[in-house]
2 protein chains.
Amino acid sequence: MDNESSRILSLGGGSLLIAWQLKDKNVLIVGGGEVASQRIESILTANGQITVISPEDGLHPRTKLFIELRKDRIFYHDRKFEGPDDLFGKHMVLTAVDDIELSRKIVAMSRERRIPVNAADIPELCDFYFGAQIRDGPLQIMISTNGNGPRLASLIRTRLQNGLSGLEGEAIIKVGQLRNKLKERAPGVGGQLGRERMKWMTSLCNTWPMEDFARLDDTLMDKLLDEGWNEKKRVPIPEELGLVPERIDLPYVFASTMPIFPTIISFVAGALTVISLLSYRERS
Amino acid sequence: MDNESSRILSLGGGSLLIAWQLKDKNVLIVGGGEVASQRIESILTANGQITVISPEDGLHPRTKLFIELRKDRIFYHDRKFEGPDDLFGKHMVLTAVDDIELSRKIVAMSRERRIPVNAADIPELCDFYFGAQIRDGPLQIMISTNGNGPRLASLIRTRLQNGLSGLEGEAIIKVGQLRNKLKERAPGVGGQLGRERMKWMTSLCNTWPMEDFARLDDTLMDKLLDEGWNEKKRVPIPEELGLVPERIDLPYVFASTMPIFPTIISFVAGALTVISLLSYRERS
């Protein structure tokens, strides 16, 4: 059997990683502790509307801060969960309470109504899990160990962050703006023109160093389109727009520029060693 | 206003990245082209049960291969989508057809039944998006640009992959096994003992280089627990178990071990320069 077939036969054991859309959807969070505050942050990031149900004495300081600052997004009820009515009109339910029995009940009620539900610390009751995340503007990265060690997920996050320049988010924004400008010059959905647009954008993304996109401003974008998106449909190099090549300090690129210092010192050390050896011989 | 408050006020504009659990859930895929084949792969990865509805002449070779090899997971119907009955008992619906009107209808039917739905290429109709992914055993990483340029997502994936050693998945598996062994020695859920277990595992993960976990076998795990999980509750270093430190070839770590070669060469070059200068002076 070939490699591809064995690979297909062995597929399994993971989760379906997806980017859930919550814009203006209603999310119920039962509980107000530290975990609840993390959930609030995740839901705010996704532009969801949040209802928090928790007695005030159970609120973590960060939960309080969220409730106070984001009244536009958070409705807060200072009480315990009361029953099925609390689920009315909700598109997602998250429990973050110590009471496992209460969590089980809320999960059962949510399932009955086909509302996606997550119960903190009770993986077997969850429709979905959260994971460690990296956010840089439009760029979002999620790291899941499928329940095997959240600590390692966070160490892997650090490792991944070290491999990024920090300009990826900005580059994504600029590429989006450039694509919009291109669509203004060559309007229409799909068809031959749509394919040509996509082909040009793809060669551009494959040719340019990602960080050079982050350096584009309005004028440079127009210049890029003037010189590239014409009858020739060619991709100008960044230098043609006056973008001088820049050394990006990704950790490993930086490291590879380091040997110059030990090199010079060693050269001098070698020279001095010979000189002192010779002068010792001359004197003796 | 402090930094944290401004940060909280500006949260938004993203998605909720989650790891959806599909074990033995029923997923309907309408369509059989290249996009459908990518969907099938994602759902197989998450152990879902798949129903593919598509006339046979619309099947991509990879879709055919999946259907042929994974009869245990895929039910295939050689016909067009027929109506609401096709949604019966489904937990997720994915459309991957060129017919936008058909897609819209399927999305509306799914919404009515509160079944999460994704329509390929029609972002405004999707409950969730897919993204570029990295998989290494239990480790799954998803990269989302929130609809701004899939090409950049795939370039960022390459960049992230370069920052990984490739042993992270194996390390996660071994840490999971170690945690299970620890639970056998110190059984019980929660409480003081649970907190001590978690504390010990956390210090271990924070102290050891991640790749050393990948080198643990059954015997070494027992030794680690014998020497660490006793009245002292201490974390032995890898060397105590006979694990000789290994230089892991992460690109930047590797780079930082490089200077030794130019250093030696420079030392010799410095020495030779002085010698030749002196011998030149002597001869003249």
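So you know, we letter chains A, B, ... as the sequences are listed, proteins then strands, and number each from 1.
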Restricting to non-hydrogen atoms, name the atom on [X] and the atom on [Y] that form the minimum distance, rounded to 0.1 Å.
X	Y	answer
Leu65(A)	Glu4(B)	CD2-CG, 4.2 Å
Cys126(A)	Gln21(B)	O-CG, 3.9 Å
Leu155(B)	Cys205(A)	CD1-O, 3.3 Å
Ser165(B)	Arg159(A)	OG-NH1, 3.7 Å
Ser15(B)	Ala46(A)	C-CB, 3.5 Å

Check each atom of [X] against the heavy atoms of chain A and say whether the ones under 4.5 Å are side chain, backbone, both or neither.
X	result
Arg62(B)	side chain
Thr45(B)	both
Met92(B)	side chain
Leu139(B)	both

Item to check | Asn47(A) side-chain N/O to Gly13(B) backbone N/O, donor-acceptor pair under 3.5 Å | outcome: yes
Item to check | Exam field: side chain Gln140(B) to backbone Gly14(A), donor-acceptor pair closer than 3.5 Å | outcome: no
Next on the checklist: Quick check for you: among Leu152(A), Asn118(A), Thr202(A), which has the greatest number of heavy-atom pairs under 4.5 Å with chain B?
Outcome noted: Leu152(A)
Next on the checklist: Among Arg70(A), His91(A), Arg179(A), which residue has the highest count of heavy-atom pairs closer than 4.5 Å to chain B?
Outcome noted: Arg70(A)
Enter the distance from [X]:[atom1] to [Y]:[atom2] here, rounded to the nearest 0.5 Å.
X	Y	atom1	atom2	value
Ile172(B)	Ser144(A)	CD1	OG	8.5 Å
Arg7(B)	Leu69(A)	CZ	CG	11.0 Å
Leu16(B)	Leu44(A)	CG	CG	11.0 Å
Ile156(B)	Ile134(A)	CD1	CD1	10.5 Å
Ile18(A)	Met142(B)	CD1	CE	8.0 Å
Arg135(A)	Leu11(B)	CZ	CG	7.5 Å

Heavy-atom pairs under 4.5 Å with chain A: which of [options] has the most?
options	result
Ile173(B), Ile275(B), Asp72(B), Leu272(B)	Ile275(B)
Asp127(B), Val175(B), Ile143(B), Asp136(B)	Asp127(B)
Met201(B), Gln133(B), Arg113(B), Gln161(B)	Gln133(B)

Checklist entry - Could you go step by step and tell me if Arg151(B) and Leu204(A) meet the side-chain contact (heavy atoms from CB on, under 4.5 Å) rule? => result CA-CA 10 Å; Arg151(B) 181 64 209 145; Leu204(A) 184 68; over 6 Å; no
Checklist entry - Step by step, would you call Thr145(A) with Glu168(B) a side-chain contact (heavy atoms from CB on, under 4.5 Å)? => result CA-CA 10 Å; Thr145(A) 60; Glu168(B) 288 83 1; over 6 Å; no
Item to check | Portion of Ser154(A) that has a non-hydrogen atom of chain B nearer than 4.5 angstrom | outcome: neither
Checklist entry - chain B heavy atoms under 4.5 Å from Ile115(A): which part of the residue, side chain, backbone, both or neither? => result side chain
Next on the checklist: Could you walk me through whether Glu68(B) and Ile8(A) satisfy the side-chain contact (heavy atoms from CB on, under 4.5 Å) test, starting with their C-alpha distance in whole Å, then the side-chain angles of each, then the deciding distance to 0.1 Å, before giving a yes or no?
Outcome noted: CA-CA 11 Å; Glu68(B) 190 186 311; Ile8(A) 291 176; over 6 Å; no
Next on the checklist: Please determine whether salt bridge (charged side-chain N to carboxylate O under 4.0 Å, His left out) holds for the pair Lys23(A) and Glu124(B), giving the CA-CA distance in whole Å, both sets of side-chain angles, and the decisive distance to 0.1 Å.
Outcome noted: CA-CA 11 Å; Lys23(A) 195 164 185 302; Glu124(B) 70 273 20; over 6 Å; no
